[in-house]
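Notes to accompany the following structure.
Here is the naming used below: chain letters follow the sequence lines, and residue numbers restart at 1 for every chain.
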Protein chains: 2
Amino acid sequence: MQNTTALEPKITSPDCDDCPIRHRAVCARCESDELSQLEGMKYYRSFEAGQTVIWSGDRMDFVASVVTGIATLTQTMEDGRRQIVGLLLPSDFVGRPGRETAAYDVTATTDLVMCCFRKKPFEAMMLATPHIGQRLLEMTLDELDAAREWMLLLGRKTAREKIASLIAIIARRHASLAMPRKGSAVEIELPLTREAMSEYLGLTLETVSRQISALKRDGVIEVQGKRRVTIPDFDRLLEESGDDSDGGFPV
Amino acid sequence: MQNTTALEPKITSPDCDDCPIRHRAVCARCESDELSQLEGMKYYRSFEAGQTVIWSGDRMDFVASVVTGIATLTQTMEDGRRQIVGLLLPSDFVGRPGRETAAYDVTATTDLVMCCFRKKPFEAMMLATPHIGQRLLEMTLDELDAAREWMLLLGRKTAREKIASLIAIIARRHASLAMPRKGSAVEIELPLTREAMSEYLGLTLETVSRQISALKRDGVIEVQGKRRVTIPDFDRLLEESGDDSDGGFPV
DNA sequence: GCATCGATTTGACTTGCGTCAATGTCCCCG
DNA sequence: CGGGGACATTGACGCAAGTCAAATCGATGC
């Protein structure tokens with residue numbers, strides 16, 4: 001069932017981990033009264049894994065940021081072919097000021113908590129508070145870079161390289177939490193089903209499965225159960241991904 | 001030869017067609033003294049078809065917008081595989097405030113004139129003039145939508161659909177200049193070589209050529225010479241593109 | 001512990017697009 | 001007006017990834 005009731009704000013860190021538009025970064029520059037403006041406007045919604053947050057074309061009168069969990073943005077063709085065009089991780093922003101309807105399906109792939117703002121007051125606040133617009137511009141530019149990196153993957157990489165790239169990106173975003181950079185093994189939990197991976201990578205589910213098996217067979221990764229992956233040598237994985245050594249994503 | 005000298009600003013329309021960040025749109029909202037601020041800062045550079053404007057990784061101390069002509073943003077893998085990740089048409093903006101180096105190769109595919117601003121003063125002006133940042137945010141969001149549309153194309157469309165989509169998009173952007181919408185034939189000039197098309201669509205040059213021939217054979221398009229294309233029935237082309245009927249791109 | 005059901009893996013076969021290699025066409029410039 | 005060179009088309013063939021189908025795994029409830 002869809003839970004629209006406001007949750008108790010769970011402040012997990014002293015400086016606003018649960019706030020919109022990567023609030024931690026905004027906070028550093030904001031005046032306190034701007035923050036209190038924010039406080040009055042926000043509300044929380046939570047979703048279970050697999051639930052749809054909003055359908056493409058639906059009226060969308062809020063903007064939001066992910067507090068915990070992972071969501072995807074998906075585009076669908078008339079005949080059902082699907083392509084994931086964005087991953088939303090905690091602190092990522094959804095919604096476009098100045099647009100009435102959602103452009104993509106947004107789906108929770110894990111249990112998900114989002115922090116929402118009604119669009120009208122949010123837009124008003126953007127006008128009143130230049131910092132917020134600037135932060136949003138920075139974030140949008142980062143997303144644009146990520147989308148373009150993904151265009152290279154979709155257009156030019158082999159299935160094996162696509163899988164290696166995806167695992168590397170997930171590992172890197174996990175890792176940024178605190179991880180010895182070079183050499184040591186990395187262990188991650190895949191937040192996506194094989195099907196979701198295939199929709200993100202422009203492959204079929206079977207090809208994803210086969211390539212994961214191949215990487216396992218070749219010792220590039222180890223797999224425990226279905227979702228847990230160990231990367232004994234991260235540089236090896238990067239080589240397999242086809243990116244140049246430091247390769248990759250901002251964020 | 002690369003021409004770095006400032007050109008005479010060629011004002012082609014009364015309201016600033018040659019100005020940065022879709023200046024026409026900015027103008028409507030700007031105070032005149034903001035405009036005069038802009039006037040002092042800008043300079044022009046022109047390039048011949050095929051010339052590189054800037055290489056990925058190069059220091060980039062300006063931002064710019066396209067005045068006339070077409071340029072591409074390209075990403076390259078170590079082994080030489082290339083993917084075009086953006087098309088720059090007149091009024092499109094290049095460069096990222098707050099970034100030191102170029103993230104992509106920028107190449108002129110036709111003769112090209114760009115209107116440039118040194119980055120530092122431009123950034124200062126953005127702080128002073130919120131409208132500009134807002135406009136830039138809107139434009140970046142449009143580009144992000146376009147990039148995501150392209151991800152669907154790259155990940156899920158067939159070669160034939162890719163070609164049809166590309167022709168439709170070029171036609172639509174040409175057409176927005178003034179064109180009876182429904183039914184009537186549209187005639188366009190392809191601004192890209194077959195190779196550039198292949199790099200944009202994630203195909204090989206041969207496949208591009210074969211699919212153009214197939215669309216010609218099937219009466220979806222007519223081709224005069226190498227570059228001129230007539231579309232007798234635009235709706236037919238849209239069907240072939242795999243997009244839903246109104247399908248498509250903002251901008 | 002066992003049945004159940006969705007998620008995943010694996011196998012056999014097909015196919016769309018890539019690769020390699022001629023051949024053809026446009027257009028510029030003398 | 002007639003080469004020359006870049007750009008484009010066409011053909012033959014191979015392979016990576018898709019399709020269809022059948023096991024197998026793993027969590028969950030009984």
Could you check whether [X] pairs with [Y] (Lys NZ or Arg NE/NH1/NH2 to Asp/Glu carboxylate O, under 4.0 Å)?
X: B:R81; Y: A:E161; result: yes
X: A:E206; Y: A:R210; result: no
X: B:R236; Y: B:D218; result: no
X: A:E222; Y: A:K216; result: no

Between [atom2] on [N] and [atom1] on [X], what's the gap in Å once rounded to a whole number?
X: B:E189; N: C:dC27; atom1: CD; atom2: C1'; result: 13 Å
X: A:R156; N: C:dC17; atom1: CZ; atom2: C1'; result: 12 Å
X: B:M197; N: D:dC7; atom1: CE; atom2: P; result: 13 Å
X: A:R81; N: D:dG18; atom1: CZ; atom2: P; result: 13 Å
X: A:Q224; N: D:dA27; atom1: CD; atom2: C1'; result: 17 Å
X: A:Q211; N: D:dG18; atom1: CD; atom2: C1'; result: 13 Å
X: A:L190; N: D:dG26; atom1: CG; atom2: P; result: 15 Å
X: B:E161; N: C:dG16; atom1: CD; atom2: P; result: 12 Å

>> I'd like to know whether A:R148 forms a salt bridge (charged side-chain N to carboxylate O under 4.0 Å, His left out) with B:E143, so could you lay out the CA-CA distance, the side-chain angles of the two residues, the decisive distance to 0.1 Å, and finally the verdict.
In response: CA-CA 10 Å; A:R148 285 173 165 163; B:E143 276 190 88; 2.8 Å; yes
> Under 4.0 angstrom, heavy atoms only, what part of the nucleic acid is B:G50 near: base, sugar-phosphate, or nothing?
Replying inline: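 Contact class for B:G50: none.
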> Which residues pass the salt bridge (charged side-chain N to carboxylate O under 4.0 Å, His left out) test with A:R156, sequence neighbours left out?
Replying inline: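 For A:R156 there are no salt bridge (charged side-chain N to carboxylate O under 4.0 Å, His left out) partners, ignoring immediate neighbours.
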> Where along nucleotides 3-12 of chain C does protein come under 4.0 Å, by heavy atom, of base (B) or sugar-phosphate alone (S), with - for untouched nucleotides?
Replying inline: ---BBSBBBB
